[in-house]
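Notes follow the structure.
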Amino acid sequence: MRTTNNRINAKFGICRYLIGLCIAMFSFSSCDKDLEVTTNSAMENYDMLWKVVDENYCFFEYKKDSIKDWDEVYREYLPMVKACKTKTDLFYIFSDVLNELKDGHVNLISSFDVSRYDIQGDYPDNYDSKIIRKDHYLGKDYKTAGGLRYKLLEDKVGYISYTSFSNSFTDDNLDYVLKLFRNTDGIIIDLRNNGGGYASLVDVFASRFARSKTLVGYWQHKTGKGHADLSEPEPQYLEPSEKISYFGKVALLTNRNCFSATNDFVQTMKALPKVKQFGDRTGGGAGMPMSSELPIGWSFRLSVSPYLDINKKYTEFGIDPDVHVDMLDADAVNGYDTIIESARKWIKYGTLITTL
């Protein structure tokens, strides 16, 4: 009886194995089929991608000396699109097409990857979080208010570390921070490695340092399908906050990893008196993005409305510091941050020292 049962179980085992093998083969076959793309489908998506960018991207005229002609881009990638057989290959071809715009706000989004353009390049990081955590700066006894980490340094200088505008804060958070710093000689706002986030937080933060209504920049908008079809610059003003504010010296610390909303914040703050920027140029990203979708199911975004500074200059490629300072190895060995120390000297003594 046991032998018979074993045979029956063995037969069922073989059947289950064969059924499983068939299902697996069918699944792999289906997956392979799902990844296939026809020339017609590839061209349909390529033409739409190229056209939407052609009619809506806002920096073609501004970047005409630094990026390829958009018609030339179409011709260059056309043979690759026609020869493409899989969706994954097509995705990375489209990613390369969009990267020709050299814009951190331009991305292609699929279920398996997101394209991005490397804005920073080979510039130095000019930031070491390990040094920030030492006792000279935040140490172990810092305070946290929403996305802000802050501490009153021993020389009556306030220090705020803010690493992402995606980490929000409230008015109450700002009240607690500025109340602690009300009798300081100045405040350092460390924005290095802040890649941006919620643009709505820019004015909420910056308004705490504005004594009166202040012109901080200009917006433009697309008015047609041509590359140069942009509206006249529309002035943008920062209104002062009715809550706790600070009107002393403010030092902004930046590096090449400051993008988007952070770039906007630096531009806004530099329109105010007693504000200076230390470190390296910001990474840029001064175009308001919009999103669109391709028939293949991927979405993409691109810059459609440029933001200009108070001199009506584009800051798409970043904002230069008032004082260029690079991190020095000699300082780092001793646990000091060259850029923070440069900002402290300005706040305490009015000294402006560059490492160039």
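We number each residue from 1, following the sequence as shown.
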Between Arg133 and Leu138, does a side-chain contact (heavy atoms from CB on, under 4.5 Å) hold up when you go through it step by step?
-> CA-CA 5 Å; Arg133 292 197 296 269; Leu138 286 179; 5.8 Å; no

Please step through salt bridge (Lys or Arg N to Asp or Glu O under 4.0 Å) for the pair Asp125 and Arg256, ending with a clear verdict.
-> CA-CA 7 Å; Asp125 289 336; Arg256 297 276 176 160; over 6 Å; no

Evaluate side-chain hydrogen bond (donor to acceptor under 3.5 Å, both in side chains) for Asn194 paired with Thr163, printing each intermediate quantity in order.
-> CA-CA 4 Å; Asn194 188 321; Thr163 56; over 6 Å; no

Hey, mind stepping through Ser95 and Asn99 against side-chain hydrogen bond (donor to acceptor under 3.5 Å, both in side chains) and telling me if it holds?
-> CA-CA 6 Å; Ser95 299; Asn99 284 341; 6.0 Å; no

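Below 30°, between 30° and 60°, or above 60°: for Phe59 and Tyr314 the angle between ring planes is above 60°, a perpendicular geometry. Between His136 and Tyr336, the ring planes lie parallel to each other; the angle is under 30°, not in the 30° to 60° tilted range.
Residues Phe209 and Ser245 fail the side-chain proximity criterion, which asks for heavy atoms closer than 4.5 Å. The side-chain heavy atoms of Lys276 and Leu352, taken from C-beta on, include a pair separated by under 4.5 Å. Here the side chains of Asn263 and Ile319 are in contact, with some heavy-atom distance below 4.5 Å. Contact annotation: the side chain of Thr86 never approaches that of Glu36 to less than 4.5 Å [non-hydrogen atoms, C-beta and beyond]. Annotation: side chain of Lys51 is not in contact with side chain of Met48 (no heavy-atom distance under 4.5 Å). Leu49 places a side-chain heavy atom less than 4.5 Å from the side chain of Leu98. In this structure the side chain of Leu178 never reaches within 4.5 angstrom of the side chain of Lys243, judged on heavy atoms. With a 4.5 Å cut-off on side-chain heavy atoms, Leu215 and Gln236 do not count as touching.
Once rounded to the nearest 0.5 Å, the distance linking CG of Leu148 with CG of Leu174 reads 6.0 Å. Rounding to the nearest 0.5 Å places CG of Asn173 at 8.0 Å from OG of Ser168. To the nearest 0.5 Å, the span separating CD on Glu239 from OG1 on Thr214 amounts to 8.5 Å. Interatomic distance, CG of Asn334 versus CG of Asp337, reported as 13.0 Å (0.5 Å rounding).
No side-chain donor-acceptor contact under 3.5 Å links Asn193 to the backbone of Asn257. The closest donor-acceptor contact from the side chain of Ser207 to the backbone of Val204 lies under 3.5 Å. Of the possible donor and acceptor atoms, none in the side chain of Asn56 sits under 3.5 Å from a partner among the backbone N and O of Val304. A donor-acceptor pair under 3.5 Å links the side-chain atoms of Lys102 to the main chain of Ser66, judged by distance alone. Proximity of a side-chain donor or acceptor of Asn126 to a complementary backbone N or O of Met327 within less than 3.5 Å is detected. Within the 3.5 Å criterion, the main-chain N or O of Cys84 finds no donor-acceptor partner in the side chain of Asp89. A donor-acceptor pair is defined here as one N or O able to donate and one able to accept, closer than 3.5 Å; no such pair exists between the side chain of Lys143 and the backbone of Lys151. Judged by distance alone, the side chain of Asp264 and the main-chain N or O of Ala199 form no donor-acceptor pair under 3.5 Å. One N or O on the side chain of Arg301 and one on the backbone of His105 form a donor-acceptor pair closer than 3.5 Å. Checked by atom type and distance alone, the side chain of Thr254 pairs as donor or acceptor with a backbone atom of Asp280 at under 3.5 Å.
Within a 6.0 Å radius of CG in Asp71, more than 12 heavy atoms belonging to other residues, nucleotides or ligands are found. Around the OH atom of Tyr198, the shell of radius 6.0 Å holds no more than 12 heavy atoms that belong to other residues, nucleotides or ligands.
Applying the ring pair (Phe, Tyr, Trp, His ring centres under 6.0 Å) criterion to Phe317, with sequence neighbours excluded, gives Tyr62. Residues meeting the ring pair (Phe, Tyr, Trp, His ring centres under 6.0 Å) test with Phe112, sequence neighbours left out: Phe91. Residues meeting the salt bridge (Lys or Arg N to Asp or Glu O under 4.0 Å) test with Lys64, sequence neighbours left out: Glu61. Taking Glu293 as the reference, nothing meets the side chain to side chain contact (heavy atoms under 4.5 Å, CB included) condition, with sequence neighbours excluded. For Tyr246, there are no ring pair (Phe, Tyr, Trp, His ring centres under 6.0 Å) partners at least two apart in sequence or on another chain. Evaluation of the side chain to side chain contact (heavy atoms under 4.5 Å, CB included) rule for Asp65 yields no partner, not counting sequence neighbours. In this structure, the side chain to side chain donor-acceptor pair (under 3.5 Å) partners of Glu316, at least two apart in sequence or on a different chain, are Lys63. Residues passing the side chain to side chain donor-acceptor pair (under 3.5 Å) test with Asn45: none are found, sequence neighbours excluded. Remark: Phe60 engages Tyr57, Trp70, His227 in a ring pair (Phe, Tyr, Trp, His ring centres under 6.0 Å) (not counting sequence neighbours). Under the side chain to side chain donor-acceptor pair (under 3.5 Å) criterion, Asp96 pairs with no residue at all, not counting sequence neighbours. Looking at residues two or more places apart in sequence or on another chain, you find no side chain to side chain donor-acceptor pair (under 3.5 Å) involving Tyr150.
Partner of Asp331 under the side-chain contact (heavy atoms from CB on, under 4.5 Å) criterion, chosen from Ile339, Thr338, Ile131, Ile340: Thr338.
Between the side chains of Tyr74 and Asp47, at least one donor N or O sits under 3.5 Å from an acceptor N or O. A side-chain donor-acceptor contact under 3.5 Å links His221 and Ser305.
Under a cutoff of 6.0 Å and an axis angle of 45°, Lys213 and Tyr237 form a cation-pi pair. Both the sub-6.0 Å distance and the 45° axial angle are satisfied by Arg149 relative to the ring of Tyr142.
Phe94 has its ring centre no less than 6.0 Å from the ring centre of Phe300. Taking the six-membered ring for Trp and the full ring otherwise, the centers of Tyr307 and Tyr218 sit at least 6.0 Å from each other. Aromatic rings from Tyr162 and Phe265 are positioned such that their centres are separated by 6.0 Å or more.
Classification of Glu55 and Lys222 as a salt-bridged pair fails, no side-chain N sitting under 4.0 Å from a carboxylate O. Comment: Arg192 does not engage Asp128 in a salt bridge, judged by the lack of any side-chain N to carboxylate O separation of less than 4.0 angstrom. Residues Arg208 and Asp171 are paired through a salt bridge, judged by an N-O separation under 4.0 Å between the basic side chain and the carboxylate. We find that Asp135 and Lys140 are not joined by a salt bridge, their nearest charged nitrogen and carboxylate oxygen being 4.0 Å or further apart. In this structure, Lys348 pairs ionically with Asp185, as a charged nitrogen and a carboxylate oxygen lie closer than 4.0 Å.
Side-chain heavy-atom separations under 4.5 angstrom define the hydrophobic clusters, and the remaining members of the one that includes Val114 are Ile109.
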